[in-house]
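Accompanying notes for the structure given below.
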Amino acid sequence: MKAIGILPGDSRLGGNALTSLELERPVPKPRDILVQVEAVSVNPLDIRMRNAPLEAGFQPRVLGWDCAGIVLDCGSEVRLFKPGDHVFYAGSITRTGTNAELHLVDERIVGAMPVSLDFAHAAALPLASLAAWEALFDRLCISDAGENSGKTLLVIGGSGGVGSVAIQLAKVLARLQVVATASRSTSQAWCRQLGADIVIDHRADLRTQLIDYGLSTVDYILCLADTDYYFSTMASLIKPHGHICALVESANPLPMNQLRSKSASFSWEGMFTRTLYSTPDMIEQHRILTRIATLVDEGRMGSIATKIIHGMTEVNLRQAHAFLEAGGIAGKIVISMQPPL
Ligand SMILES: NC(=O)c1ccc[n+]([C@@H]2O[C@H](COP(=O)([O-])OP(=O)(O)OC[C@H]3O[C@@H](n4cnc5c(N)ncnc54)[C@H](OP(=O)(O)O)[C@@H]3O)[C@@H](O)[C@H]2O)c1
């Protein structure tokens, strides 16, 4: 099968080269489904992996951690899907990625695709949705049934993939007051369109802007950008007994004592934790994606695809990486296997 992977050297983008590969057709393990990839989306993780130094003796690695496609074949113990089903999923960082014609994934982390979306719009959702869902409802312990209705959530980095889903879930399910940060007029408009009640600029002082809206503290903070930089600001903005969740690894030890007098909590969210450690509750990701598909089909949340590139070629994948690295895009960049209509 055809795939695009990273190889050392010959870099046309900085980092390692994205190069066409011819690989063996993958064979499903008992809980695997074999998927014909119809669309993928690009995540900051792809850029970090492409830029990471490669070890000596490195084998070509296929990147890509979001997929919408069609089930072609099933392992002997697969129960949730059958050939012909349309599925969407983020996959596992421990396995080969989705920038390929065919892809293997454990059925327990896969959802049936929303019937109201095409492959390209569905492919934008899985990784961001899993991260946003786990962060809000598992880490921050916000009720997905509205029991914390009226409390305030600050989303730092509201217009990226995770923020774009988190804003929608926090409004539609949790019924929170949502404050999102975005720095450009287009990304600010995008956050409002997704349902954010208040949008402030992360290039200016967050505290001053919140006070202008009558908010000196907030109940929850979801940090989707530079955790080191925002930690002290978050510690000052969080309410006593409030809860902060961060998704971006810090470069330095975090000054946790700043949260002590408020008895505030801090959690990490890693949407690959379940697959990385094969936790017994891996199937929760199937359940989350099923809930997401239902919300989409009910018209309660929408896709976050804002740029669709047609054709999985080296040139197009490099272009998608370059767009993401340059910034300036709200929502998600998708590569569809289909030519434009
Ligand atoms: N732990 C996990 O499971 C997990 C999962 C997914 C993503 N992540 C990480 O979470 C981060 C966000 O990823 P993503 O895919 O949602 O979005 P992304 O594409 O990285 O987010 C881009 C957005 O971030 C905003 N931004 C840029 N610099 C910022 C800053 N200094 N402060 C606040 N916002 C800033 C920009 O908004 P403006 O253009 O308006 O400035 C931009 O629209 C990435 O670092 C990613 O690697 C972690």
Side-chain angles (χ1 to χ4, degrees), residues 1-6 18-43 45-46 49 59-115 117-130 271-272 274-279 281-290 292-293 310-314 316-317 320 334-339:
M1 67 158 180
K2 293 189 183 351
I4 299 178
I6 46 170
L18 290 164
T19 307
S20 295
L21 305 168
E22 192 63 43
L23 303 176
E24 297 279 307
R25 182 185 171 92
V27 179
K29 292 196 275 192
R31 301 268 341 229
D32 282 348
I33 56 175
L34 178 67
V35 176
Q36 177 179 303
V37 177
E38 293 290 335
V40 302
S41 80
V42 185
N43 287 286
L45 175 64
D46 297 70
M49 297 280 290
Q59 294 297 309
R61 170 140 204 208
V62 178
L63 308 180
W65 284 278
D66 259 328
C67 175
I70 304 170
V71 179
L72 289 185
D73 196 5
C74 297
S76 57
E77 294 174 16
V78 167
R79 299 287 173 268
L80 300 170
F81 299 101
K82 60 182 185 320
D85 286 348
H86 291 192
V87 292
F88 72 149
Y89 57 89
S92 164
I93 199 168
T94 63
R95 302 187 73 173
T96 192
T98 55
N99 294 334
E101 287 178 311
L102 304 174
H103 186 249
L104 287 179
V105 61
D106 188 304
E107 62 165 348
R108 288 169 289 184
I109 58 170
V110 176
M113 215 175 91
V115 293
L117 294 184
D118 60 18
F119 291 109
H121 287 87
L125 283 169
L127 193 151
S129 297
L130 289 166
M271 58 73 52
F272 286 123
R274 284 184 159 123
T275 47
L276 192 56
Y277 295 97
S278 300
T279 60
D281 65 352
M282 244 169 74
I283 199 160
E284 283 305 316
Q285 294 205 329
H286 165 70
R287 297 193 181 117
I288 293 168
L289 290 174
T290 303
I292 294 288
H310 292 273
M312 176 52 85
T313 63
E314 282 178 27
N316 285 352
L317 188 56
V334 170
I335 301 180
S336 165
M337 305 302 145
Q338 306 303 323

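Nothing here was measured: the structure is a model prediction, and the numbers come from that model.
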Is there a donor-acceptor pair under 3.5 Å between the side chain of [X] and the backbone N or O of [Y]?
{"X": "Q285", "Y": "M271", "answer": "yes"}
{"X": "E38", "Y": "A68", "answer": "no"}
{"X": "N316", "Y": "H310", "answer": "yes"}
{"X": "N99", "Y": "I4", "answer": "no"}

In chain order, what residues pass the side chain to side chain contact (heavy atoms under 4.5 Å, CB included) check against [X], with sequence neighbours excluded?
{"X": "P26", "result": "M1, L34, L102, L104"}
{"X": "H86", "result": "I70, M113, F119"}
{"X": "M49", "result": "L45, R61, L63, W65"}
{"X": "A3", "result": "L23, V62, A100"}

| request: Just do the salt bridge (Lys or Arg N to Asp or Glu O under 4.0 Å) check on R25 and D73 with the steps written out, would you? | output: CA-CA 12 Å; R25 182 185 171 92; D73 196 5; 5.5 Å; no
Quick check: closest heavy atoms across [X] and [Y], and the distance to 0.1 Å?
{"X": "M337", "Y": "V40", "value": "CE-CG1, 4.2 Å"}
{"X": "V334", "Y": "A39", "value": "CG1-CB, 4.2 Å"}
{"X": "P126", "Y": "A90", "value": "CB-N, 3.5 Å"}
{"X": "A320", "Y": "I335", "value": "CB-CD1, 3.9 Å"}
{"X": "S336", "Y": "A120", "value": "CB-CB, 4.2 Å"}
{"X": "P28", "Y": "G75", "value": "CB-N, 3.9 Å"}

In Å and rounded to the nearest 0.5 Å, what is the [atom1] to [atom2] distance from [X] to [Y]?
{"X": "L117", "Y": "F88", "atom1": "CG", "atom2": "CZ", "value": "8.0 Å"}
{"X": "E284", "Y": "T290", "atom1": "CD", "atom2": "OG1", "value": "10.5 Å"}
{"X": "D32", "Y": "H103", "atom1": "CG", "atom2": "NE2", "value": "9.5 Å"}
{"X": "D66", "Y": "D46", "atom1": "CG", "atom2": "CG", "value": "8.5 Å"}
{"X": "I109", "Y": "L130", "atom1": "CD1", "atom2": "CG", "value": "8.5 Å"}

| message | Between K2 and E22, is the side chain to side chain contact (heavy atoms under 4.5 Å, CB included) condition met? List the steps. | response | CA-CA 5 Å; K2 293 189 183 351; E22 192 63 43; 3.7 Å; yes
| said: Checking H121 now: which residues fulfil ring pair (Phe, Tyr, Trp, His ring centres under 6.0 Å) with it, not counting sequence neighbours? | reply: none
| Pair T275-I93, side chain to side chain contact (heavy atoms under 4.5 Å, CB included): steps then yes or no | CA-CA 8 Å; T275 47; I93 199 168; 5.6 Å; no
| request: Could you walk me through whether F272 and L127 pass the side chain to side chain contact (heavy atoms under 4.5 Å, CB included) test, one step at a time? | output: CA-CA 9 Å; F272 286 123; L127 193 151; 3.9 Å; yes
| task | Show the numbers, then the answer: is there a side chain to side chain contact (heavy atoms under 4.5 Å, CB included) between D106 and M282? | result | CA-CA 10 Å; D106 188 304; M282 244 169 74; 3.7 Å; yes
| field | Full working for salt bridge (Lys or Arg N to Asp or Glu O under 4.0 Å) between E107 and R31 | value | CA-CA 6 Å; E107 62 165 348; R31 301 268 341 229; 2.9 Å; yes
| request: Side-chain contact test, heavy atoms from C-beta onward, threshold under 4.5 Å: evaluate it for P60 versus T19 and give yes or no. | output: no
| said: Quick test of your reading: applying salt bridge (charged side-chain N to carboxylate O under 4.0 Å, His left out), list the pairs with at least one residue in residues 78-94, sequence neighbours left out, ordered by first then second residue. | reply: K82-D85
